[in-house]
K.L.:
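Have a look at the structure that comes next, please.
Predicted model only: the values in this text are computed from it and were never measured. So that the names make sense, note that chain A is the first sequence line, chain B the second, and so on, each numbered from 1. Values below: all heavy atoms of this structure, side chains included; hydrogens, waters and symmetry mates excluded.
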Amino acid sequence: MSLPTLYYFDAKGRAEYARLLLAFAGVDYTDSRFPYPGIPAEVAAKTTFGQVPHYTDGDIELSQSLAIELYLARKHGLLGSNAVDEAKIISYALSTGDIFQAFLMAQQGGPEAMEKYKNEIAPRYYRVWEKILRENGCKHIYGKSITYADIVIFGSIDYVLSMDSNRFEKFPSCLEFHRHMLEVPAIKKYLASRKVTPF
Amino acid sequence: MSQPIFHYFDARGRGEEIRILLNYAGVKYTEDRIGPLTDEIRSKLTFGQLPWYQDGSLSITQSMAIESYIARKYSLLGANEEENAEIFSYVLSVADMLDSFIKAFMGGPEQKKNFDDVVAPRLIKAWESKINSNGHLFGNKISWADLAVFNSVDYLLWAKNDKLFTQSPKCLALHKKLAESPQLKPYLESRPKDIKF
């Protein structure tokens, strides 16, 4: 039986949350990477919409980063204990997607748009995380154990810090949360061996 | 026990699919169509955004979180969690279509060309080839994926993009079947006609 495989560019991009989830869950998998922006024909053929990331294990062929993340989160018990928990966790997790979308749009908008993203748009979300994390002991965005939302919010903060270590100056609870997550053994282990890529 | 409440702008946008899911599932809910967002409303929203859904003790934003909750609660999913994940991937492709359409609408010729020539044909082709002999994307009943594709086709036809579907009879047939279904027809006939996006 072959290992599960994640197919993506040699980058963090839209696959890194899936990699963090797989690492946290202790799943042995093949991290199949190829140079951006070309998708090898045999990989494109497996995907549903001609795009990556794409994930395969013995039971599934799955495209769309969020679908992959939710599948892994569900499989590994990271969505809470009931329908309300799950809805809240997914809702918090999705805020990272909004921030990423805003970042992509700002990239296309030029320096002024980028400044607005850094100084106004992203902080709107960070302020919300800051308040909730502070009220929850800086350990979890929801509940009392690590959830899908914690992993992707950690991933989002981590990504930004890797580009600019000062961006969370005004958000000490976010930084405390990030530090706490860094110490989770499975995450610590993954990050120690993670390939450094420009994005 | 009070009814669920769905809050969104008086528009289709990212709210219409939720309305379609609720109406298809026969959920009795309160529709709160909001004008421009006031600070008062914004203060009730986790990230200051709509749509917002309340159901008993649950109060959440983020359209995909809301849809996932509704789809699961009202049995609009598939045969197993693998199929559910695949269903979600198709729902997300519908969101990608909408995003690309908005970019094309707000952008220049390059974005329009990208939508018309690249994104839309690729996605519509994927949906068309997934629709099975039962006329569904998955199995033998209507799922969240069918309702999402319906929403996209419906939106694009409303936005006068009929030309995108000349090679996609199955997508159009799915749209027609759902548009004329007893579950959706009354809602579609009664929803506001004069909305802008």
K.L.:
Kindly indicate, with the supporting measurements, whether the criterion side-chain hydrogen bond (donor to acceptor under 3.5 Å, both in side chains) is fulfilled by B:Asn23 and B:Tyr29.
P.N.:
CA-CA 9 Å; B:Asn23 280 280; B:Tyr29 71 100; 3.1 Å; yes
K.L.:
Using a strict cut-off of less than 4.0 Å between a Lys/Arg side-chain nitrogen and an Asp/Glu carboxylate oxygen, indicate whether A:Arg127 and A:Glu130 qualify as a salt bridge.
P.N.:
no
K.L.:
Determine, using ring centers only, whether A:Phe49 and B:Tyr90 are less than 6.0 Å apart.
P.N.:
yes
K.L.:
Using the ring-ring contact (aromatic ring centres under 6.0 Å, His included) criterion, which residues pair with A:Tyr55? Sequence neighbours excluded.
P.N.:
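If we apply the ring-ring contact (aromatic ring centres under 6.0 Å, His included) test to A:Tyr55, skipping adjacent residues, there are no hits.
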K.L.:
Could you tell me which of B:Ala85, B:Ser89, B:Ser93 has the largest number of non-hydrogen atom pairs under 4.5 Å with chain A?
P.N.:
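Ranked by heavy-atom pairs under 4.5 Å with chain A, first place is B:Ser89.
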K.L.:
Let's test your reading of the structure: which of A:Lys75, A:Lys88, A:Glu61 forms the most heavy-atom pairs below 4.5 Å with chain B?
P.N.:
A:Lys88
K.L.:
Find the one option among B:Gln49, B:Lys103, B:Met64 whose heavy-atom pairs under 4.5 Å with chain A are most numerous.
P.N.:
B:Gln49
K.L.:
Using atom types as modelled and distance alone, determine if a side-chain donor or acceptor of B:Ser100 lies under 3.5 Å from a backbone N or O of B:Met97.
P.N.:
no
K.L.:
For the candidates B:Tyr69, B:Tyr53, B:Phe88, which exhibits the highest count of non-hydrogen atom pairs separated by less than 4.5 Å from chain A?
P.N.:
B:Phe88
K.L.:
Does anything in residues 118-149 of chain B reach chain A? List residues with heavy atoms under 4.5 Å apart, or say none.
P.N.:
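Within residues 118-149 of chain B, the residues under 4.5 Å from chain A are B:Arg122, B:Leu123, B:Ala126, B:Trp127.
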K.L.:
Which bit of A:Leu94 comes within less than 4.5 Å of chain B, counting heavy atoms only: side chain, backbone, both or neither?
P.N.:
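Contact with chain B is through both the backbone and side chain of A:Leu94.
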K.L.:
Contact part of A:Gln101 toward chain B, heavy-atom cut-off under 4.5 Å: side chain, backbone, both or neither?
P.N.:
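Side chain only.
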K.L.:
Can you tell which part of B:Asp96 gets under 4.5 Å to a heavy atom of chain A, answering side chain, backbone, both or neither?
P.N.:
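Just the side chain, heavy atoms under 4.5 Å.
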K.L.:
For the interface with chain B, which of A:Ile132, A:Leu70, A:Ile68 has the highest count of heavy-atom pairs at distances below 4.5 Å?
P.N.:
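Heavy-atom pair counts peak at A:Leu70.
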K.L.:
Check this for me, if you would: do A:Arg124 and A:Asp98 make a salt bridge, where the nitrogen-to-carboxylate-oxygen distance has to be below 4.0 angstrom?
P.N.:
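The answer is no: the pair does not qualify as a salt bridge.
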K.L.:
How close do B:Leu188 and B:Lys193 get, heavy atom to heavy atom, and via which atoms?
P.N.:
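Scanning both residues, the minimum pair turns out to be O-NZ, 3.6 Å.
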K.L.:
Quick check on side-chain contact (heavy atoms from CB on, under 4.5 Å): which of A:Ile153, A:Asp150, A:Ile89 does A:His140 satisfy it with?
P.N.:
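When A:Ile153, A:Asp150, A:Ile89 are each tested with A:His140, the side-chain contact (heavy atoms from CB on, under 4.5 Å) holds only for A:Asp150.
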K.L.:
For A:Thr48, give me all partners under side-chain hydrogen bond (donor to acceptor under 3.5 Å, both in side chains), at least two apart in sequence or on another chain.
P.N.:
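Per chain and number, A:Thr48 pairs via side-chain hydrogen bond (donor to acceptor under 3.5 Å, both in side chains) with A:Ser63.
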K.L.:
What part of B:Glu83 lies closer than 4.5 angstrom to a heavy atom of chain A: side chain, backbone, both or neither?
P.N.:
neither
K.L.:
For the side chain of A:Thr5 and the backbone of A:Thr30, is there at least one donor-acceptor N/O pair under 3.5 Å apart?
P.N.:
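No, A:Thr5 side chain to A:Thr30 backbone: no donor-acceptor pair under 3.5 Å.
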K.L.:
Of the backbone (N, CA, C, O) and the side chain (C-beta and beyond), which part of B:Ser68 lies under 4.5 Å from a heavy atom of chain A, both, or neither?
P.N.:
side chain
K.L.:
Considering only heavy atoms, which portion of A:Leu62 lies under 4.5 Å from any heavy atom of chain B: side chain, backbone, both, or neither?
P.N.:
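Contact with chain B involves the side chain of A:Leu62 alone.
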K.L.:
Would you mind writing out the side-chain donor-acceptor pairs for residues 7-21 of chain B within the sub-3.5 Å range, not counting sequence neighbours?
P.N.:
unit_1  : atom_1 : unit_2   : atom_2 : d
B:His7  : ND1    : B:Asp32  : OD2    : 2.6
B:His7  : NE2    : B:Gln54  : OE1    : 2.8
B:Tyr8  : OH     : B:Arg14  : N      : 2.8
B:Asp10 : OD1    : B:Arg33  : NH1    : 2.9
B:Arg12 : NH1    : B:Asp154 : OD2    : 3.0
B:Arg14 : NH1    : B:Asp99  : OD1    : 3.3
B:Arg14 : NH2    : B:Asp99  : OD1    : 2.7
B:Glu16 : OE1    : B:Arg19  : NH1    : 2.9
B:Glu16 : OE1    : B:Tyr187 : OH     : 3.4
B:Glu16 : OE2    : B:Tyr187 : OH     : 2.6
B:Glu16 : OE2    : B:Arg191 : NH1    : 2.8
B:Glu17 : OE1    : B:Asn151 : ND2    : 3.1
B:Arg19 : NE     : B:Glu31  : OE2    : 2.5
B:Arg19 : NH1    : B:Ala11  : O      : 2.7
B:Arg19 : NH2    : B:Phe9   : O      : 3.1
B:Arg19 : NH2    : B:Glu31  : OE2    : 3.4

K.L.:
Going only through I, L, V, M, F, W and Y residues with side-chain contacts under 4.5 Å, is there a path from A:Leu191 to A:Met163?
P.N.:
no
K.L.:
With a 4.5 angstrom heavy-atom cut-off, which part of B:Thr46 approaches chain A: side chain, backbone, both or neither?
P.N.:
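Its backbone and side chain both get close to chain A.
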